[in-house]
Amino acid sequence: MRNPRLTIIVPCYNEEEVLPKSAQILGDILTQLIEKKQINAESKLLFVDDGSKDNTWSLIQGLEQQSTIVTGLKFSRNFGHQNALMAGMKTAAATSDAVITIDADLQDDQTIIPEMVARFKAGSDIVLGVRNDRSSDSHFKRWTAETFYGLMGKIGVQLVPDHADFRLLSQRAVTALMAYSESNLFLRGIIPQLGFPTTKLYYQRKARFAGTSKYPFRKMMAFAMDGITSFSIAPIKAILSVGIVISSVSLLMMLFALVQGFLGTAVTGWSSLMTSLWFLGGMQLIGISIVGEYVGKIFTEVKHRPRYIIETDDYTATQQPAVLNQKQAQR
């Protein structure tokens with residue numbers, strides 16, 4: 001493909017501190033690619049405002065007035081990072097030969113975007129940006145990430161270690177992705193399942209140049225739990241295994257108590273009894289919680305509620321003339 005139409009999708013949630021600089025950097029990259037005729041002149045930079053509480057949307061509107069390549073999409077409220085990515089891709093897919101998703105903080109190395117485009121033009125439908133190290137992370141974050149990827153691999157979930165949501169997808173890859181209709185999205189697990197030709201590009205992740213992370217520990221844990229429960233029933237199987245082990249130990253303890261009773265050496269006390277009760281009670285609560293997590297996901301899925309609600313779509317409005325010209329050309 002000689003000059004593909006590219007859309008760079010940037011999910012935003014309270015990103016007023018980083019947005020002006022990010023827009024300038026990404027806009028310059030798009031402009032350079034257009035000038036070098038690597039991509040179509042109709043290529044766009046699409047910011048998706050995920051219900052921000054600050055001036056993010058106002059900044060996006062101001063950027064739209066300053067540059068014809070900048071467009072915006074606004075949610076009616078906060079629907080989450082993964083839904084913002086899906087909305088941006090679905091909106092852009094009709095008029096884009098390829099899309100690139102990248103976070104607004106630009107911790108991912110935006111300088112490899114031209115190489116992503118080159119790999120796409122060479123035949124790759126999916127180009128993944130993968131971190132080559134985690135030296136910029138704290139020891140705790142490195143340990144939790146390694147544990148998560150190791151656990152996901154053991155329960156059979158195909159993940160690309162150290163790949164987040166910085167990737168290029170072709171139009172047909174996005175179309176295939178849209179067929180996944182679940183509400184509990186975990187794109188890092190879905191993308192490898194698409195099966196199209198895939199390339200990896202390695203880069204070094206940078207520190208945020210402004211603002212704060214929108215993924216604190218609590219959200220990271222919830223995200224990890226979504227990833228595990230969306231792709232595997234291993235936790236439920238683990239409960240069964242633990243239950244069998246505890247039952248076996250209880251049986252042995254019962255036999256031991258009977259032997260001690262016959263020998264007349266049994267000591268009356270409540271410590272062992274209370275310890276057993278608390279242990280078994282805790283295991284039961286954990287088991288009920290894990291099963292409840294799956295039941296809750298079923299409850300969410302069967303309602304078939306929309307993943308997101310778009311309040312304002314400036315992207316589609318800017319694409320109408322191009323779409324009309326394309327239809328006329330086909331006639």
Side-chain angles (χ1 to χ4, degrees), residues 1 3-13 15 19 22-24 26-27 29-31 33-34 39-52 55-104 113 116-117 120 125 165 167-181 183 185 187 304-331:
M1 187 175 294
N3 289 319
R5 183 176 296 172
L6 175 69
T7 299
I8 298 179
I9 298 165
V10 186
C12 304
Y13 179 66
E15 299 288 3
L19 197 57
S22 298
Q24 180 183 356
L26 294 174
I29 292 173
L30 264 184
T31 301
L33 288 171
I34 292 172
I39 59 175
N40 193 283
E42 296 296 326
S43 297
K44 297 291 182 181
L45 178 57
L46 173 59
F47 291 100
V48 182
D49 180 11
D50 183 22
S52 298
N55 295 318
T56 295
W57 181 244
S58 299
L59 288 172
I60 293 172
Q61 289 181 309
L63 292 167
E64 288 178 320
Q65 296 176 357
Q66 297 172 19
S67 174
T68 58
I69 67 172
V70 177
T71 59
L73 196 68
K74 185 179 187 299
F75 281 175
S76 61
R77 62 172 177 82
N78 178 250
F79 285 92
H81 181 265
Q82 301 288 281
N83 284 319
L85 291 174
M86 288 294 283
M89 288 188 286
K90 184 175 182 179
T91 302
T95 56
S96 301
D97 298 304
V99 301
I100 290 176
T101 57
I102 185 171
D103 288 342
I113 288 178
M116 283 183 160
V117 174
F120 164 67
D125 286 275
D165 291 303
R167 64 178 73 92
L168 178 146
L169 297 177
S170 68
Q171 186 180 50
R172 70 170 180 170
V174 174
T175 301
L177 177 61
M178 293 303 138
Y180 288 76
S181 58
S183 298
L185 288 169
L187 292 177
H304 299 295
R305 290 180 178 175
R307 291 172 175 162
Y308 51 82
I309 298 173
I310 297 175
E311 180 178 320
T312 307
D313 180 3
D314 292 340
Y315 178 90
T316 303
T318 63
Q319 297 300 303
Q320 291 301 329
V323 173
L324 182 60
N325 292 337
Q326 184 178 3
K327 289 182 179 179
Q328 290 175 345
Q330 291 174 350
R331 293 176 183 175

Legend entry - Side chains of Asn55 and Ser58, donor plus acceptor under 3.5 Å: no
Legend entry - Flag side-chain contact, heavy atom, 4.5 Å: Pro11 against Asp50: no
Legend entry - Distance, nearest 0.5 Å, that separates CG of Leu85 from CD1 of Ile102: 11.5 Å
Legend entry - Distance, nearest 0.5 Å, that separates OG1 of Thr91 from CG of Asp314: 11.0 Å
Inset, instruction - May I have the step-by-step check of side chain to side chain contact (heavy atoms under 4.5 Å, CB included) for Val117 and Ile39, ending in yes or no? - result: CA-CA 8 Å; Val117 174; Ile39 59 175; 3.9 Å; yes
Inset, instruction - Apply side-chain contact (heavy atoms from CB on, under 4.5 Å) to Ala87 and list each qualifying residue two or more places apart in sequence or on a separate chain. - result: Leu73, Phe75, Tyr308
Legend entry - From OG (Ser22) to CG (Leu45), nearest 0.5 Å: 9.5 Å
Legend entry - Donor-acceptor pair, side chain of Ser96 and main chain of Ala92, under 3.5 angstrom: yes
Legend entry - Non-hydrogen atoms of Val174 and Ala93 that approach each other most closely: CG1-CB, 3.7 Å
Legend entry - Ile309 and Phe79, any side-chain heavy atoms less than 4.5 Å apart: yes
Legend entry - Leu33 and Ile29, any side-chain heavy atoms less than 4.5 Å apart: yes
Legend entry - Met89 versus Met178, closest heavy-atom pair with distance: CB-CE, 3.8 Å
Legend entry - For Val48 against Gly88, the heavy-atom pair lying closest together: CG2-CA, 4.0 Å
Legend entry - Residue pair Glu311, Lys74: steps toward the salt bridge (Lys or Arg N to Asp or Glu O under 4.0 Å) verdict: CA-CA 5 Å; Glu311 180 178 320; Lys74 185 179 187 299; 3.5 Å; yes
Legend entry - Pairs satisfying salt bridge (Lys or Arg N to Asp or Glu O under 4.0 Å), at least one member in residues 76-90, at least two apart: none
Legend entry - Donor-acceptor contact below 3.5 Å, side chain Gln171 vs main chain Ala98: no
Inset, instruction - Under the side-chain hydrogen bond (donor to acceptor under 3.5 Å, both in side chains) rule, collect the residues that match up with Ser170, sequence neighbours excluded. - result: Asp125
Inset, instruction - Report the distance from atom CD1 of Ile60 to atom OG1 of Thr71, rounding to the nearest 0.5 Å. - result: 9.0 Å
Inset, instruction - Would you indicate whether the side-chain heavy atoms of Leu168 and Val99 approach each other to under 4.5 Å? - result: no
Legend entry - Non-neighbouring partners of Leu59 that pass side-chain contact (heavy atoms from CB on, under 4.5 Å), sequence neighbours left out: Glu16, Leu19, Pro20
Inset, instruction - Apply side chain to side chain contact (heavy atoms under 4.5 Å, CB included) to Ile8 and Leu46, showing your working. - result: CA-CA 6 Å; Ile8 298 179; Leu46 173 59; over 6 Å; no
Legend entry - Gap between atom CD1 of Ile34 and atom CG of Asn3 - 0.5 Å precision: 10.0 Å
Legend entry - Residue list, side-chain contact (heavy atoms from CB on, under 4.5 Å) with Gln24, at least two apart or on another chain: Asp28
Inset, instruction - Report yes if the side chains of Thr312 and Gln61 come closer than 4.5 Å at any heavy-atom pair, otherwise no. - result: no
Legend entry - Distance in Å, Glu42 CD paired with Ile69 CD1, rounded so as to fall on 0.5 Å steps: 11.5 Å
Inset, instruction - Could you tell me whether the side chain of Lys44 reaches within less than 4.5 Å of the side chain of Tyr315, counting heavy atoms only? - result: yes
Legend entry - Residue pair Arg307 / Gln82, side-chain heavy-atom distance below 4.5 Å: no
Inset, instruction - Answer yes or no: is there a side-chain heavy-atom contact under 4.5 Å between Glu15 and Asp49? - result: no
Inset, instruction - Could you check Asp103 against His81 for side chain to side chain contact (heavy atoms under 4.5 Å, CB included), going step by step and ending with a plain yes or no? - result: CA-CA 9 Å; Asp103 288 342; His81 181 265; 2.8 Å; yes
Inset, instruction - Check the pair Ile100, Thr7 against side chain to side chain contact (heavy atoms under 4.5 Å, CB included), reporting the backbone distance first and the verdict last. - result: CA-CA 6 Å; Ile100 290 176; Thr7 299; over 6 Å; no
Legend entry - side chain to side chain donor-acceptor pair (under 3.5 Å) assessment of Asn40 paired with Ser43: CA-CA 6 Å; Asn40 193 283; Ser43 297; 5.5 Å; no
Legend entry - Those residues that, when tested against Thr68, pass side-chain contact (heavy atoms from CB on, under 4.5 Å) (two or more places apart): none
